[in-house]
2 protein chains.
Amino acid sequence: MFSYATHLSCSKCGGTSEINRIMQQCSCGAPLLVQYDLAKLRNRLKPEDLRNRVNSMWRYHELLPVQDHAHIVSAGEGMTPLLPLPRLADDMGIFRLLMKDEGISPGGTFKVRGATVGVSRAKELGVKELSMPTNGNAGAAWALYAAKAGIQCHIVMPLDAPLTAKVECVIAGAHLALVNGLISDAGNTIAQSIKEHGWYDASTLKEPYRIEGKKTMGFEIVEQLEWQLPDVILYPTGGGVGLIGIYKALQELRELGWIGDRLPRLVAVQAEGCAPIVKAWSEQKQTSTFWSGASTVAFGINVPKALGDFLVLEAIHQTAGCALAVEDDTILQEQKRIARLEGAYVCPEGAAAFAAARRLRDSGWISVDETVVVLNTGAGIKYPDSVQLNVPILQPGQPLPSSHLTDHKD
Amino acid sequence: MFSYATHLSCSKCGGTSEINRIMQQCSCGAPLLVQYDLAKLRNRLKPEDLRNRVNSMWRYHELLPVQDHAHIVSAGEGMTPLLPLPRLADDMGIFRLLMKDEGISPGGTFKVRGATVGVSRAKELGVKELSMPTNGNAGAAWALYAAKAGIQCHIVMPLDAPLTAKVECVIAGAHLALVNGLISDAGNTIAQSIKEHGWYDASTLKEPYRIEGKKTMGFEIVEQLEWQLPDVILYPTGGGVGLIGIYKALQELRELGWIGDRLPRLVAVQAEGCAPIVKAWSEQKQTSTFWSGASTVAFGINVPKALGDFLVLEAIHQTAGCALAVEDDTILQEQKRIARLEGAYVCPEGAAAFAAARRLRDSGWISVDETVVVLNTGAGIKYPDSVQLNVPILQPGQPLPSSHLTDHKD
């Protein structure tokens, strides 16, 4: 069997749905999650069986929902490196600091994990036309994968979304519109059109498969650590699907008996300018409320209200994790420090997660001897505008100015 | 032994140099190439020994020049996917078309292959300060790797180089200057400063190690095809180091007895607006002459005169390959077609190589039953400005315009 997926179950009311037809949310409004026959798989698959498989996230196909290999729409996504950052670890005072570098992905973003599974499954189910609101990167990834699958694609994103994401949608031939507002405004526009035209709704957690792609980050972290668990995993949290996915992956691995009972502490990192989940966490609530006036340099996590907020809060609660927010200034400082110490140009969202690791180490929440994994969700080059250029310009034949010769590292 | 490198030899006069000190070009002015004890290695390493190695280009460490593992400066580069493109193959009428997608690299460019080996080797030899002219991506990659190695870095690039490359240099803390001219003008400025300050010259082929990193593309293509050879490899050619490197890799594999005698035909692809190697090829010359008024949308291959031109011409001659140039319009059309058919947003340089494959198929130079590998040297997101945006803008609450609903896939 290529996939061990059996059915869908509601993340809130517990109701079940069959898997082999197009489903969006549960009738109660909550996200549906894919369930697998893990008891059967436990007897048929061992960790060492993975060793010589394809070097992409599709190596975990038994734990993904696509039924037929022929329906996979892939561009070589997944199995991103888990890189030791010894100089930054030293700087933070953490024993072992690892970056799961999702910047090394098609299009420079971890969003392709959701797109490869989501689009493959949409194709398998016969979807011809899909739509979604996005902060940019997810829409761009889905537009490209939909093009490859021959599926029409309607995307709405904020006007000030990254140029790269707009360009990717356009070159893929997607129908793109920009809204002079937030992702929540884009969501309202898309919802209206879906009602009118009956398109497949590929919005975050309104179809059950994107999260299955994201969860492979959890599988990979554990496999790359040779089936050992880190102590802490930090994740920059907008819609939160990656964190929910990693938590789901860890639960599945536990049920397979491939890892022990004690899970890593999961940390949801947000920006000060948009921190609904952090606020809910600090107030010990189970859901968040809409964050007014959301704004941050870490554009990908500028999500004022996430449909899966309660799942994020549950995941950090169940793993003794936490949620915290970081200021934009701190994010940009950390981004620069990572480039100077480790030669990695991470996206602002990734930099936020690193800054949170530093803060949690300073406060003692992370201790000196722990193994810490930080998700860098994308490449810095996806939105270079957050970096200031102040560079001398020469005419041909003109020598380098003396300012070029002194150490002006700032 | 970690590396089987033994000495350096001149690519023109054949003179040899010792490997364990800092060397630039041969005293005759031509590039120096690293030589290995392949006879010894042949008895000690088999293709199947590679199978469980690290999934990066450092899996080939015996055939790389770094002596001590501890000196490696790596960000998880190499082992990029070799992706089948069935819809584009069908469109071109080629039996089997594969893309070596170097866009899925740190920073979205194949230049990191040269940087990881070049900087590691510079670090091993005790270099404290290096410098180079660049069209953008190579300088950006070297700036980031140098930062990680603790090496000071001086970069000069054309004023109209891609924003991403400038930003990468700046965030890495490199000393960057822009010149209102071409890479050749940047080269003149750097040469002047090197004379004054004695910096290590990391210019293309003026140090012997960058090419060793690039050659791993050749190893990977062959290993990913399970030690079978493709019929044709197309490479977008500016300085040409990648093509020279792939040819060197193939020769080394042949000497190791891992592949047969007949090599793939290597094709050097240039842009119509800067085609010195194509001109030399068509005139059956052994070197190129400086191309005046060079200009193309494929910025990375806008190189009016390459130091290694004679090596590129030799490689295509020895493999019964060819050289051809493509117009900017054709490049941009092909870029769009690849995105629409295969969901891949390739860089203009990569698109040029695909357009060349199409042209060679149309002319019959490539036949219908051949296996063709095209190098996409970087991610399209590195310079998104070549794509036109013409997208509706909505106010919050406003519905999608009817133009969004019709198929406007121009």
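Heavy-atom basis, side chains included; hydrogens, waters and symmetry copies ignored. Here is how names work: the chains are called A, B, and so on, in the same order as the sequence lines, proteins then strands, and each is numbered from 1.
Looking at B:A379, neither its backbone nor its side chain comes within 4.5 Å of chain A, counting heavy atoms on both sides. Proximity to chain A is limited to the side chain of B:V156, based on heavy atoms less than 4.5 angstrom apart. Using a 4.5 Å cut-off between heavy atoms, A:L400 touches chain B through backbone and side chain atoms alike. Contact annotation for B:Q398: only backbone heavy atoms (N, CA, C, O) come within less than 4.5 Å of a heavy atom of chain A. For B:L88, no part lies near chain A; criterion is any non-hydrogen pair under 4.5 Å. For A:N188, no part lies under 4.5 angstrom from a heavy atom of chain B.
Among B:N52, B:T80, B:I338, B:L83, the residue making the largest number of heavy-atom pairs under 4.5 Å with chain A is B:L83. Note: B:L389 leads B:D101, B:L389, B:L85 in heavy-atom pairs under 4.5 Å with chain A. The choice from B:E342, B:E168, B:K382 that makes the most heavy-atom pairs within less than 4.5 Å of chain A is B:E342. Options B:T164, B:I171, B:I190, B:L163 differ in how many heavy-atom pairs under 4.5 Å they form with chain A, and the most are formed by B:I171. Among the candidates B:E129, B:R51, B:Q335, B:Q192, the residue making the largest number of heavy-atom pairs closer than 4.5 Å to chain A is B:Q335. With respect to chain B, the highest number of heavy-atom pairs below 4.5 Å among A:T189, A:D385, A:L182, A:L82 belongs to A:T189. Note: B:P106 leads B:P106, B:G76, B:P81, B:G181 in heavy-atom pairs under 4.5 Å with chain A.
Among all heavy-atom pairs drawn from B:V73 and B:A149, the shortest one is CG2-CB, 3.9 Å. Heavy atoms only, all atoms of each residue included: B:I155 and B:G139 are closest at CD1-O, 3.6 Å.
Listed for the B:S105 side chain is no donor-acceptor partner under 3.5 Å among the backbone atoms of B:E77. Side chain of B:E220 to backbone of B:M79: a donor-acceptor contact under 3.5 angstrom is found. When atom types are taken as modelled, the side chain of B:S131 and the backbone of B:D201 share no donor-acceptor pair closer than 3.5 angstrom.
Results of the side chain to side chain contact (heavy atoms under 4.5 Å, CB included) test with B:D185 over B:V179, B:N180, B:L159 single out B:V179 as the only residue that passes.
When the ring-ring contact (aromatic ring centres under 6.0 Å, His included) test is applied to A:W58, no partner is found at least two apart in sequence or on another chain. For A:H71, there are no ring-ring contact (aromatic ring centres under 6.0 Å, His included) partners at least two apart in sequence or on another chain.
A salt bridge between A:R113 and A:E102 is present, with a side-chain N of the basic residue lying under 4.0 Å from a carboxylate O of the acidic one.
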